[in-house]
Structure formats: C-alpha cells, structure tokens
There are 2 protein chains.
Amino acid sequence: MREGDQPTVINLFLDGWGRRYKDLPDGRRQVVSFFVPGDLCDLNIFILRQMDHSIGALTPLTIAEIPRSAFEEIIDRHPRITQALWWEALVAAATQREWTMSLGQRNAAERIGHLLCELFLRLRTVGLTNGTSCPFPLTQSVLGEATGLSLVHVNRTLQDYRAAGMIVLKQRELTIPDLRALMEASMFDANYLHLDHEGRHFDANI
Amino acid sequence: MREGDQPTVINLFLDGWGRRYKDLPDGRRQVVSFFVPGDLCDLNIFILRQMDHSIGALTPLTIAEIPRSAFEEIIDRHPRITQALWWEALVAAATQREWTMSLGQRNAAERIGHLLCELFLRLRTVGLTNGTSCPFPLTQSVLGEATGLSLVHVNRTLQDYRAAGMIVLKQRELTIPDLRALMEASMFDANYLHLDHEGRHFDANI
DNA sequence: CGTTCCCTTGATCTTCGTCAAGCGGTGTGG
DNA sequence: CCACACCGCTTGACGAAGATCAAGGGAACG
C-alpha cells in the first residue's frame with residue numbers, strides 16, 4: 001500500500017510482520033512503526049482522505065481484510081469495540097511519541113536496545129514469546145531504517161550487545177537473557193504502551 | 001501537567017503556545033509536539049489511565065478547561081463532533097510520524113526548515129499569520145529540544161537560513177519570504193497535515 | 001543598574017556515516 | 001549436482017555532521 005492511496009479496507013494482522021514507512025524524494029526511508037500479529041492498521045480510512053505513508057510486509061503475511069462498511073456497523077452497535085479502537089489509536093500515538101524521543105535523544109545503543117524491548121513486550125502481550133526468546137524477522141538494514149542509523153552502525157551496536165551477553169540474535173530469533181538489564185541500559189519505561197489497559201482491550205473482543 | 005498525572009479535564013488552547021515533552025532519567029528532554037491556539041490536548045483521558053508525557057506552557061496561556069463529563073455528553077449527542085475528534089487524533093498521529101521521519105532522516109537544516117513550515121501552515125489555517133509572517137515564541141533552546149539538536153547547532157543553522165534570505169526571525173516574529181522555497185529546501189510535503197479535511201473539521205463546530 | 005535570559009561565535013572532540021572489501025548461507029538455473 | 005548470484009552480515013579505514021566546551025554580547029526586566 002503506497003502513500004497517496006485511498007484505502008478501502010481495514011487490515012488485521014493475523015500472522016507475520018509489517019511496517020509503516022515514509023520515503024523522501026531522494027530515496028531516504030524511515031520506518032515509523034512495526035506491525036506484529038494482532039495489530040490493526042488503517043483506521044484512518046474513516047476520516048482521512050488518503051494515505052500519508054506506505055505500508056509493506058516484512059514476512060509472508062496472513063491478514064484479515066475488514067471492509068469499511070462492516071466496521072462502521074460494528075462501531076454503531078458495539079460501544080466497547082469503539083472504545084478499543086480509541087485505545088488502539090492512542091497507544092499507537094503514544095508509541096510514536098516514544099520513537100520521537102528515541103530518535104531525538106537516545107544514542108545508537110539506546111535506540112536499538114529500546115526497540116528490542118518494545119518489540120519483545122508487544123509480542124509477549126499477544127503470547128508470541130517463548131520464555132526469554134521471540135521470533136525476530138527484522139534484518140539489520142530494516143533496523144537501521146527504523147532507528148535512523150546506518151546498517152553498518154546497527155551491526156556494530158548489535159555486536160556490542162552480543163559481546164556484553166545482553167542479547168542473542170541469530171536465525172531470526174531474538175533472546176534477551178535479562179530483560180530488565182536491557183530495559184535499564186536503554187532507559188526503557190513501558191508506561192507508554194499502556195499495558196495496564198490490556199484487559200479492557202481484550203474485553204472488547206467478547 | 002506531569003508524566004504520571006491522571007488528568008481530569010480536556011484543555012483547549014484559546015491563546016498562547018504549549019508543548020508536549022518527555023524527559024529521560026538523566027535529564028535529556030525531547031519536545032514531541034507543539035500546541036498553538038485552536039489545539040486540543042488530552043483526549044486520552046477517556047481511555048488511558050495516566051499521562052505518559054508532560055505538558056507545559058511556552059507563553060502565557062488562555063485555556064478553556066472542559067470537564068470530562070461535559071465532553072462525554074457532547075460525544076453522545078453530536079456524532080459530527082466525535083468525528084472531528086477522530087480527525088484531531090489521527091492528524092496528531094500523522095504529525096508524530098512526520099516528526100519521526102525528520103529526526104531519523106533529515107539533517108539539521110532540513111529539520112528546522114521543516115518545523116518552521118509546519119508551524120507556519122498550522123498557524124495559517126487558524127488565521128494567525130499576517131502575510132508571510134507569524135508570531136514565533138520558541139527560543140532556540142526549545143527548537144533544539146524539538147529537533148534533537150544542540151542549542152549551538154540550531155543557532156548556526158538559523159544563521160545559514162538568514163544569510164540565504166530564506167527566513168527573518170527576530171523579536172519573536174518569523175517571516176518566510178518564500179514559503180515554497182523553504183518547503184522545497186526541507187522537503188516539506190503538507191499532505192500529513194490533512195488540511196483537505198479542514199472543512200469537515202470546522203463543520204463540527206456548527 | 002545589575003541580573004538574567006537568550007543569542008552568538010570560535011575551537012575542539014565524538015559519534016556515527018560512508019566507502020570498501022570480503023564472508024557465509026541459500027536458492028536457482030545450467 | 002555444481003556454479004554462480006544474491007542477500008544479509010561483518011570488519012576496517014576514513015570522513016563529516018553535529019556535540020561539547022568556552023566565552024562574551026545584547027536586550028529586557030526587576
């Protein structure tokens with residue numbers, strides 16, 4: 001899905017990862033968010049006229065396409081789902097603010113550590129982690145596009161974390177032996193994910 | 001208003017400027033958005049339990065405090081206002097994505113130029129510009145906190161723009177003689193502000 | 001009249017980017 | 001079945017954007 005498109009359906013990620021990104025005319029690209037299973041995208045089709053960014057797959061995907069009309073009907077009849085959608089939008093905005101913070105103030109190691117913590121926690125809330133490990137399909141190049149760092153520097157930073165025993169990352173699987181330590185190193189505070197409202201979020205699915 | 005607070009009212013900026021910001025434990029600060037007259041803040045009080053950032057004034061303010069209850073009643077009765085609130089939230093999110101792009105990919109000159117264009121256009125849509133000029137109460141220090149640059153580098157970058165005749169900035173007033181030129185220099189594309197829906201936004205006030 | 005805030009400018013240092021080369025695994029076509 | 005191409009990862013050398021340190025100036029305000 002490309003910038004400028006007029007989307008007609010809402011997509012629910014059932015399996016696989018995706019990303020939102022924006023390109024500059026000269027080719028620079030910034031990934032502005034990731035999608036993991038359970039995420040919803042393109043709620044804005046209700047209000048905004050056209051896409052101001054692009055969306056792409058990072059792995060093979062299984063997606064549920066929900067037509068706009070079906071969604072509108074649900075919203076009319078089910079206020080708790082509407083509330084869940086607000087929650088979704090507000091948490092996405094809070095996450096975007098945190099990314100702004102990362103890119104503006106954190107150094108390379110902090111940015112990458114922070115991103116790893118965020119993704120791990122998001123996967124854990126949807127039950128996709130296995131102890132201290134989780135699937136991790138992002139290439140170093142994509143990590144660079146998300147953190148505003150060069151591929152080379154991402155690599156060196158990951159090496160440093162590996163050498164310190166703080167992460168194991170190979171064969172598309174990430175292990176964080178001591179999550180608390182990584183959170184501390186990258187000054188990660190999970191409050192922006194608003195997981196305390198996870199319950200309310202899931203309630204809407206009843 | 002501080003991170004961790006539980007807000008009880010929604011604030012509408014009638015006059016004056018404000019900013020959202022986040023602080024790191026070691027004192028680094030990132031401004032993540034600005035408020036200008038006409039902006040609303042803290043819609044999240046409907047859904048999220050506590051603030052994940054702080055909000056502060058940049059000038060003396062005139063603000064309307066709308067109690068949560070009054071807001072809920074309005075939302076029940078006036079679907080067009082509810083739609084306007086969605087618009088507000090989605091545009092705020094789109095703006096946050098654009099800031100992510102700026103901090104991740106744009107260099108110092110582009111970041112600052114881009115921010116000046118954004119603020120000028122936002123002020124123009126609410127009728128606060130005067131030809132090619134607008135009020136501009138931000139200090140160079142605040143500009144640095146918003147763009148992730150040091151105060152010193154903000155200063156040098158502004159000097160460059162001045163020397164090129166692209167901006168005049170003094171006595172808290174900004175003049176952009178050739179907006180189109182500045183937009184081009186900073187690769188500014190206004191699509192993320194979704195001004196095409198301005199009409200719908202205002203309709204809600206009828 | 002002095003203090004404070006904001007702006008300005010110079011010199012030096014650091015982080016990260018760029019350029020370049022090479023390695024290993026995997027998939028594909030001859 | 002092998003060869004080659006491609007993709008992702010790794011490492012070294014060098015360069016540049018921007019940070020930091022330092023000092024001083026001007027205007028507004030008490």
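Chain letters run A, B, ... following the sequence lines, proteins first and then strands; every chain starts at 1. Values reported hereafter were calculated over all heavy atoms of this structure, with side chains retained and with hydrogens, waters and symmetry mates removed. This one's a predicted model, so the numbers in the text were calculated from it and none came from an experiment.
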#### Entry: R180(A)/E184(A) under salt bridge (Lys or Arg N to Asp or Glu O under 4.0 Å): CA gap, chis, key distance, verdict
CA-CA 6 Å; R180(A) 209 146 286 284; E184(A) 182 136 356; over 6 Å; no
To the nearest Å, how far apart are [X] [atom1] and [N] [atom2]?
X: L169(A); N: dG8(D); atom1: CG; atom2: P; answer: 14 Å
X: R172(A); N: dC7(D); atom1: CZ; atom2: P; answer: 14 Å
X: L103(B); N: dC16(C); atom1: CG; atom2: C1'; answer: 16 Å
X: R106(A); N: dC16(C); atom1: CZ; atom2: C1'; answer: 18 Å
X: E145(A); N: dG8(D); atom1: CD; atom2: P; answer: 11 Å
X: Q140(B); N: dC6(C); atom1: CD; atom2: P; answer: 11 Å
X: I112(B); N: dC7(C); atom1: CD1; atom2: C1'; answer: 14 Å
X: R111(B); N: dA17(D); atom1: CZ; atom2: P; answer: 13 Å

### Query
With a cut-off of 6.0 Å (strictly less than), are more than 12 heavy atoms of other residues, nucleotides or ligands near CZ of R124(B)?
no
### Query
Got a donor-acceptor contact below 3.5 angstrom from the Q30(B) side chain to the A146(B) backbone?
yes
#### Entry: N/O donor-acceptor pair under 3.5 Å between Q96(A) side chain and V32(A) backbone
yes
#### Entry: Side chains of S33(B) and R20(B), donor plus acceptor under 3.5 Å
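The answer is yes; a qualifying pair exists.
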### Query
Near DNA chain C, under 4.0 Å by heavy atom, which residues of residues 146-163 of chain B?
L151(B), V152(B), N155(B), R156(B), Q159(B), R162(B)
### Query
How are the rings of H114(A) and Y192(A) set relative to one another: parallel (under 30°), tilted (30 to 60°) or perpendicular (over 60°)?
parallel
